[in-house]
Protein chains: 2
Amino acid sequence: MKTSQFLADYINNAISEIQYPASPRGLYEPIEYTLEGGGKRIRPVLALAVCDALGVPLETVKYQALGVEMFHNFTLLHDDVMDKADMRRGKPTVHIKWNESTAILSGDAMLTMATQLVCRNAGDKTADALELFNRTAMEVYDGQQYDMDFESRMDVTVDEYINMIRLKTSVLLGCACEMGAIMAGADTFVRKAFYNYGLKLGLAFQLQDDYLDTYGDPAVFGKKIGGDILNDKKTWLLISALEQDDKGELAAVIGKDIDADVKIATVKGVYDRLDLANKCHELIDQYAAEAIAYLDELNLDADAREFFIDLAQKSCRRTH
Amino acid sequence: MKTSQFLADYINNAISEIQYPASPRGLYEPIEYTLEGGGKRIRPVLALAVCDALGVPLETVKYQALGVEMFHNFTLLHDDVMDKADMRRGKPTVHIKWNESTAILSGDAMLTMATQLVCRNAGDKTADALELFNRTAMEVYDGQQYDMDFESRMDVTVDEYINMIRLKTSVLLGCACEMGAIMAGADTFVRKAFYNYGLKLGLAFQLQDDYLDTYGDPAVFGKKIGGDILNDKKTWLLISALEQDDKGELAAVIGKDIDADVKIATVKGVYDRLDLANKCHELIDQYAAEAIAYLDELNLDADAREFFIDLAQKSCRRTH
């Protein structure tokens, strides 16, 4: 079994080898900029790892792994326009560096390029791979829409929130895993088990993201701590706290234009009183355990099993 | 051979039968609004007409025709955001009626839905249909990028302009025609001839659009006359006039914030002096003739041949 680092290097290399048309530069330059901006590459690594675990060469799923990563970066590009985010991975976002029209159009092109990559060299797997990819894409849009809908709501439930992150984030990790299984020629049972592993991993992954935004180490996290609180973002922490906000302590600061440090301290104070940091990690551990349980359904050798267990455990404890 | 009206009714009926998920409404309502907003439906009509001409039931290309129309409407939705257009087909655009994020996300969903439609019931034609569709989509983005690039340039040539409208508009009409041929099981030669018919038709169609924006009858055209002139839009008329603007008459008003009526009258005055309305129509007629010439390569019965000739001639003389 290849290491996680090997697989990340493999995909970064494949990304750097993508050939873009020479013109119009205004369309393709922002795409290169976005894709080469880095990121954890967890989705393509999952697709490659599944192929590797099933004893099939990495090349088998190379273009599909690229397609999933291209799709992920397309969603980041358009989400950054919708969220009016200025920075991504320490660099100005496309709509800041260029302009909004460029961000929209280059994103559109990335979605079509992602579809082309998913179909590339897929042979008799094309229909299955594309069906999974398109279905997942629709779910991701649903998730983004729910996320936006939540902005204007104060009564979002934890169940609704988990369903939203399942759609917005987790299904694409599930898709990446199943894509590896499809390309490796695995049967439906194996495909489904890998999909569910990715899905649960995605839930743990996103909740850790929420956790780090409030409780991360600013020196390691890479962006300012407390951004979600300042933006009144409906995260698991805030929604859980709102459900128990009997004294209206949170309602008094949410949506209000008050001093940033005061707001962060107030909201964090409520979280701490409710012991939400620990409760969040209990939930993260639960999802990671559920992800790992799906591995039992698969007849993996010790090496491969270890890889996926390790990945799940690391995702729960990552600091950036 | 079915009439153009029959085919338009057929596709409008198919559009009204599309089933959307019940939620999130914020994502799917703008899609219904956009698609049911009308339009000429020329692209799906072309796909259906080709199937009909080749003696194959309309159902054969039904979903691919819908996919092409869905794609076209997706591009309008995103173009309207980029152009900051407030109205489309007499109704407020999506980013005005809802907001910009909705317009971006609903457009993204339309692109994925278009891809799903192109693949639907396509059987062993899936790979060919999808390859054509994705390639065309990339060309349309290239065209939109060139169109935006032209905004800040005063030295655009007529050749560059024709290449831009070929990409932005014509290739999708070519794609619609070839899609009909692919689904009907036609060979490469027939596919290519229909593609080229659509491509040339598209050039005539777009030039007539440019013409109408300046010379149309306001009572019939459906939008204000002179919008392109006021926006300094690099149309065939303006580019041709700029190439001969020895006295700098145009350069003096372009990009200037002067009275709308004065600007329109000044620019139109230059066009008239250069006889550009007639020259534009000569070019339109030339492209229509080239489109019709491709029909000679096809062994169509008189009825079908008449249909495509009629469509090309009407496109050149349409008033809205």
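Chain naming here is simple, since letters A, B, ... match the order of the sequence lines and numbering starts at 1 in each. None of the values given here were measured: they were computed from a predicted structure.
Here the straight-line distance linking atom CD of B:Gln145 with atom OG of A:Ser101 works out to 9.0 Å at 0.5 Å rounding. Atom CE of B:Met113 is separated from atom CE of A:Met138 by 5.0 Å, given to the nearest 0.5 angstrom. Taken to the nearest 0.5 Å, the CG atom of B:Asn134 stands 13.0 Å off from the CZ atom of A:Arg120.
Within the 4.5 Å cutoff, the side chain of A:Gln144 has no heavy atoms near those of the B:Leu27 side chain. Between B:Gln116 and A:Glu131 the shortest side-chain heavy-atom distance does not fall below 4.5 Å. Looking at heavy atoms from C-beta onward, A:Leu130 lies in side-chain contact with B:Leu130 at the 4.5 angstrom threshold. Proximity of A:Glu100 to B:Glu100: side-chain heavy atoms (C-beta onward) are separated by under 4.5 Å at one or more points.
Within a 6.0 Å sphere centred on NZ of B:Lys224, heavy atoms belonging to other residues, nucleotides or ligands number 12 at most.
Contacts between B:Thr75 and chain A at a heavy-atom distance below 4.5 Å are absent for every atom of the residue. Neither the backbone nor the side chain of B:Phe133 comes within contact range of chain A; no heavy atom of the residue lies under 4.5 Å from a heavy atom of that chain.
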Evaluate the criterion side chain to side chain contact (heavy atoms under 4.5 Å, CB included) for residue pair A:Leu105 and B:His78; output intermediate values, then yes/no. CA-CA 8 Å; A:Leu105 191 64; B:His78 277 190; over 6 Å; no

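Checked by atom type, the side-chain pair B:Ser106/A:Tyr141 shows no donor-acceptor distance below 3.5 Å.
The heavy-atom pair separating A:Asp108 from B:Leu111 by the smallest distance is O-CD2, 3.9 Å.
Contacts with chain A were tallied for B:Gly107, B:Gly26, B:Ala137; B:Gly26 has the most, counting heavy-atom pairs under 4.5 Å. Among B:Pro21, B:Ala127, B:Ser23, the residue making the largest number of heavy-atom pairs under 4.5 Å with chain A is B:Ser23.
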